[in-house]
Amino acid sequence: MCGIVGYVGNDDAREIIIEGLKKLEYRGYDSAGIALYKDGKIQVRKSAGRIANLEKLIETEDLHSTVGIGHTRWATHGAPSDVNAHPHSDMANTLAVVHNGIIENYLELKEWLAKEHGVVFRSETDTEVIAHLISVYYEDDLKEAVFKAVDKMRGAYAIGVVSAKEPDKIVAVRKDAPLIAGIGEGCNFIASDIPALLKYVRRIYLIENNETVVVTRDDITIYNADRQPVTRDVFHVTWDADAAEKDGYEHFMLKEIHEQPKGLFETLNRRLDDRGNIRLDGIHLTKEEIQQFTKIYIVACGTAYHAGLVGKFAIEKLAKIPVEVDVASEFRYRDPFVDDKTLFIAISQSGETLDTLAALREAKSKGARVLSVVNVVGSSVARESDDVFYTWAGPEIAVASTKAYTTQLMCMYLIGLYMGYTKGTITEEYYRHFIDELRMIPDKLKEVLKQEDSIHEMAKGLYRREQVFFIGRGVDCGVAYEGSLKLKEISYINSFAIAAGELKHGTIALIEQDTLVISLATQDRLFEKMLSNIQEIKARGATVIGLSKEGNKEIEGQANQVIYIPECMDEITPLLSVVPLQLLAYYIARLRGCDIDKPKNLAKSVTVE
Ligand code: F6R
């Protein structure tokens with residue numbers, strides 16, 4: 001959460017920082033601020049609300065500067081107000097700090113600073129503590145002062161610091177929160193994420209945990225945890241700058257929904273060899289290793305967790321290994337049974353989700369092999385895993401995840417198939433048939449997307465509702481969870497998903513005249529059971545939208561309206577069935593006038609516990 005940008009060069013720092021922050025607004029957007037070196041001072045300007053408010057605040061001011069740092073915030077400590085917005089300064093306003101993360105011992109430090117150094121605090125944030133702490137240790141070397149301050153701090157953070165005493169540099173530190181340094185010509189940058197710098201540089205350094213980086217116009221020096229300079233390979237960003245633009249779509253979410261056929265095609269085809277076999281290059285999974293695994297944990301958060309639910313079905317069915325799926329925030333604190341025969345699969349779009357990262361470390365410390373499924377190349381989860389299976393979704397900007405989810409599903413199928421085939425738990429014929437079916441998915445998905453207008457029409461009849469239920473069986477249940485999350489997070493409708501067979505054990509009490517229930521019935525094997533569940537809720541007055549495969553016409557006699565997806569194997573329907581639900585959530589939220597790409601209270605990358 002929170003986005004940081006810093007620039008040292010010869011051009012207008014204000015413009016570059018504001019542009020960069022706009023590209024990071026997905027990380028948090030409740031307040032924003034900038035600190036620029038000008039006329040011998042650090043000038044701090046900040047404002048509650050979106051970056052547009054900050055721009056307005058400074059539009060008529062002469063703030064020309066060539067060095068500065070900026071921040072877009074997702075509030076943790078203190079309400080999203082002007083005063084709590086970053087940057088924060090020391091008492092003498094000599095330096096300014098931007099921060100992403102949480103300082104866990106800030107209360108203790110606050111007390112010490114007030115008592116021993118007479119510090120008077122201006123904000124309710126934990127970040128302000130950092131500025132005062134650096135100031136206490138600051139004689140004439142900002143880097144040394146930052147080192148000393150960091151030694152006192154506990155928590156997860158990325159920070160950027162500028163000082164009027166050393167106006168030619170930015171000092172930044174990374175601990176469990178993302179940080180990169182961008183390499184320019186006569187200028188250099190820091191940022192939380194690549195999109196902020198795409199317009200300016202393609203060569204970056206990925207800063208590692210517990211490293212400090214000193215950035216000047218002509219130099220970037222990285223110091224390791226022992227405070228020794230280290231060399232780092234340059235990471236070349238291959239993304240097209242347009243990939244992070246809306247490209248004519250009204251929202252990133254809609255654009256990203258439409259990018260799914262391409263993301264799935266890429267994710268699949270980069271893992272198939274000329275003969276159509278799955279090749280997991282760079283992933284160490286030999287037959288002996290696969291045979292050794294007695295258990296697999298799939299651990300993730302939110303949408304990625306929902307991909308894991310489908311992954312469980314795929315891997316258990318194909319590779320015949322028991323799979324447990326857990327949300328990362330629970331896994332890490334429940335002392336799970338993990339040993340060296342455990343495969344731990346972490347799923348994460350950003351690769352920076354703190355809970356997922358912490359769960360991964362927990363599993364690794366107990367001897368598990370760690371395979372991660374990640375979208376952002378070089379992210380923390382990717383770097384800390386034994387092996388990485390990258391999704392090829394491209395940059396996902398909208399807070400609500402869409403194309404990351406479907407590409408994660410594709411990875412789950414490929415991992416299951418690869419393991420099953422290598423282990424010999426599936427036949428050659430089934431393996432080939434499954435891959436052929438996967439190859440057809442991108443085109444079938446294009447067919448699903450053609451229903452956009454009719455789903456928009458359907459949304460017009462639904463958008464005023466305040467409660468929606470999603471039900472399904474088998475893999476449909478996992479998709480029901482995801483459809484429900486999509487709807488609630490962007491439209492703020494109270495939606496709830498449950499296994500259809502579980503409804504009668506309590507939740508059916510909530511079904512009454514005209515309650516809306518979206519019922520997924522794509523599984524041939526479970527179709528009749530779903531029809532019975534639909535009848536049960538219809539008998540209590542529910543209005544039902546059915547979602548099924550073309551050809552399952554019987555559902556029309558039961559549901560009030562039906563959405564169809566093209567015929568495909570039962571196992572892989574989630575790759576198609578989630579898409580109408582994404583579109584439905586999108587159009588409902590749009591009709592309700594919601595801020596779709598930046599829903600309230602959320603941020604794209606959740607780097608706090
Ligand atoms: C929902 C959504 C979140 C994320 C979750 C994990 O649309 O995007 O639920 O899926 O915060 O994020 P990653 O995948 O980055 O670890």
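The model shown is predicted, which means the values in this text are computed figures rather than measured ones. Both counts, for ligands and for their atoms, begin at 1 and track the order of listing.
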Nearest non-hydrogen protein atom, [atom]:
atom: atom 13 (P) of ligand 1; result: Thr353 OG1, 3.2 Å
atom: atom 7 (O) of ligand 1; result: Glu489 OE2, 2.5 Å
atom: atom 14 (O) of ligand 1; result: Gln349 N, 2.6 Å
atom: atom 3 (C) of ligand 1; result: Thr303 N, 4.0 Å
atom: atom 11 (O) of ligand 1; result: Val606 CG2, 4.0 Å
atom: atom 6 (C) of ligand 1; result: Cys301 O, 3.3 Å

Quick test of your reading of the model: are [X] and [Y] salt-bridged, counting only N-O distances below 4.0 Å?
X: Lys598; Y: Glu25; result: yes
X: Glu19; Y: Lys22; result: yes
X: Glu104; Y: Lys175; result: no
X: Asp595; Y: Arg50; result: yes
X: Asp193; Y: Lys23; result: no
X: Arg383; Y: Glu208; result: yes
X: Glu330; Y: Arg334; result: no

Any heavy atom of Glu352 under 4.0 Å from ligand 1? The part involved is neither

Using a 4.0 Å heavy-atom threshold (strictly under), name the region of Val381 that reaches ligand 1: side chain, backbone, both or neither. neither

Glu482/Lys486 under salt bridge (charged side-chain N to carboxylate O under 4.0 Å, His left out): CA gap, chis, key distance, verdict: CA-CA 6 Å; Glu482 176 57 11; Lys486 235 40 353 151; 2.8 Å; yes

Any idea which atoms of ligand 1 are less than 4.0 Å away from a heavy-atom of [X]?
X: Ala304; answer: 10 (O), 14 (O)
X: Ala400; answer: 7 (O)
X: Lys486; answer: 1 (C), 7 (O)

Ligand 1 to Ser350 polar contact by distance, N or O atoms, under 3.5 Å: yes

May I ask you to check whether Val399 has an N/O atom sitting below 3.5 Å from an N/O atom of ligand 1? yes

Using a 6.0 Å distance limit plus a 45 degree cone around the ring axis, check whether Lys600 lies over the aromatic ring of Tyr492. yes

